Amino acid sequence: MGHGGDVIAELTTDHREVEELFGKIAALPSGNEQRRKYADQAVTELVRHSIAEEVYLYPAVREVLPDGDAIAGKELEDHAEAERTMKALEGVEASDAEFDRLIGELMTEIRSHVRDEEENLFPRLRSAASADELMKLGDKVRQAKKIAPTRPHPSAPDTPPANKLLAPGVGMVDRIRKVLTGPGWD
């Protein structure tokens, strides 16, 4: 959940971890219950990652890049699309054909989003922000991931200030739910 380094290193490591989970899902046969476990882990990590980006990364992008509003807007649209897919996936058993369709859709959405961030956004951000700013942003992202929700909430606000105010409370509710209902959303 927290890796260290500047914001780009932190988020890129998150990307690799989610891709590793996607690889585990793809390596298992359709209907295998382990696919559900790996999908749940991927969703948890994706939600934490997304919240951290929405609370800290995209506001910084808006501030330091001349076309930051447009870039952040597109990234938020990507998040909303993936969040809807994650929410749809939430109640589907691994043995259901719909699971295969939805996990495939999620993998495609996330891989496209990651490619765009790593090939376009991150290099531009590295050029526009100082090393100190990127390091401070990395620290903020790590802190946000610690208190972020662990389940998709597509109707929750994704822009400041509402997202900063609500994310900790929603995250707490998710963690309480996890304790009460048991494993599945680790």
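Computed over heavy atoms, backbone and side chain alike; hydrogens, waters and symmetry mates excluded. Keep in mind it's a predicted model, so treat the numbers as computed, not measured.
Taking the side chain as every heavy atom from C-beta outward, D14 and L46 never approach each other to under 4.5 Å. Inter-residue side-chain proximity for E75 and E54 is flagged as unmet; no heavy-atom pair is nearer than 4.5 Å. Between P66 and R124 there is a side-chain heavy-atom pair separated by less than 4.5 Å. In this structure the side chain of L11 reaches within 4.5 angstrom of the side chain of F122, judged on heavy atoms. With contacts defined as side-chain heavy-atom distances shorter than 4.5 Å, the pair I71/Y58 does not qualify. Residues L121 and L57 have side chains in contact (heavy-atom distance under 4.5 Å, counting atoms from C-beta outward). Here the side chains of K146 and R48 are not in contact, with every heavy-atom distance at 4.5 Å or above. Side-chain atoms of Q143 and Y56, non-hydrogen and from C-beta on, never get closer than 4.5 Å to each other.
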Q.
Please evaluate residues E20 and E17 with respect to the criterion side-chain contact (heavy atoms from CB on, under 4.5 Å), reporting the C-alpha separation (whole Å), side-chain torsions for both, the decisive distance (0.1 Å), and the verdict.
A. CA-CA 5 Å; E20 183 179 324; E17 289 176 350; 5.5 Å; no
Q. Yes or no on side-chain contact (heavy atoms from CB on, under 4.5 Å) for I25 and M107, after CA distance, side-chain angles and deciding distance?
A. CA-CA 10 Å; I25 293 167; M107 288 177 182; 3.7 Å; yes
Q | From CA spacing to verdict: side chain to side chain donor-acceptor pair (under 3.5 Å), H113, E109 | A | CA-CA 6 Å; H113 179 74; E109 291 166 354; over 6 Å; no
Q: Check the pair E19 / V114 against side-chain contact (heavy atoms from CB on, under 4.5 Å), numbers first and verdict last.
A: CA-CA 10 Å; E19 184 57 40; V114 164; over 6 Å; no
Q.
With salt bridge (Lys or Arg N to Asp or Glu O under 4.0 Å) as the criterion, how do R101 and E98 come out once you've worked through the C-alpha distance, each side chain's angles and the decisive distance to 0.1 Å?
A. CA-CA 5 Å; R101 185 189 74 73; E98 184 68 357; 2.6 Å; yes
Q: Give the intermediate values and the outcome of side-chain contact (heavy atoms from CB on, under 4.5 Å) for residues L28 and K24.
A: CA-CA 7 Å; L28 292 168; K24 289 178 179 182; 5.6 Å; no
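Under the 4.0 Å criterion applied to side-chain N and carboxylate O atoms, D139 and K136 are not assigned as salt-bridge partners. Salt-bridge formation is not detected for the pair D67/K74: no Lys NZ or Arg NE/NH1/NH2 atom is positioned less than 4.0 Å from an Asp or Glu carboxylate oxygen. With salt bridges taken as basic N to acidic carboxylate O contacts below 4.0 Å, none links E45 and K145. Comment: E10 does not engage K140 in a salt bridge, judged by the lack of any side-chain N to carboxylate O separation of less than 4.0 angstrom. Between R36 and E33, none of the side-chain N atoms (NZ, or NE/NH1/NH2) sits under 4.0 Å from a carboxylate O, so this pair counts as no salt bridge. Classification of D6 and R126 as a salt-bridged pair holds, one side-chain N sitting under 4.0 Å from a carboxylate O. At a threshold of 4.0 Å, the pair K87-E90 counts as salt-bridged, since one of the basic side-chain nitrogens sits closer than that to a carboxylate oxygen.
One distance of note links OG of S95 with CG of N32; it measures 10.5 Å at 0.5 Å rounding. The CG atom of L134 sits 5.0 Å away from the CD1 atom of I8 when rounded to the nearest 0.5 Å. For the atom pair CE of M86 and OG of S50, the computed distance is 5.0 Å after rounding to the nearest 0.5 Å. Note: I110 CD1 to H15 NE2 = 8.5 Å, rounded to the nearest 0.5 Å. Rounding to the nearest 0.5 Å gives a distance of 11.5 Å between CD1 of I103 and OG of S30.
Formation of a donor-acceptor pair under 3.5 Å by the T44 side chain with backbone atoms of D40 is found in this model. In this structure a side-chain-to-backbone donor-acceptor pair under 3.5 Å is present from E133 to S130.
Counting non-hydrogen atoms of neighbouring residues, nucleotides and ligands closer than 6.0 angstrom, the CD atom of E118 exceeds 12 such neighbours.
When every heavy atom of A82 is checked against every heavy atom of L106, the shortest pair comes out as O-CD1, 3.9 Å. Contact detail for L89 and A39: the closest heavy-atom pair is CD2-CB, 4.4 Å. The heavy-atom pair separating V92 from F99 by the smallest distance is CG1-N, 3.4 Å. The two residues L137 and A60 come nearest to each other via the heavy atoms CD2-CB, 3.7 Å. The minimum heavy-atom distance linking I51 with P149 is given by the pair CG1-CD, 3.8 Å.
Taking the salt bridge (charged side-chain N to carboxylate O under 4.0 Å, His left out) definition, one finds that E93 meets it with nothing, sequence neighbours left out.
Linking ILVMFWY side-chain heavy atoms closer than 4.5 Å, directly or via other members, places M135 and V141 in two distinct hydrophobic clusters.
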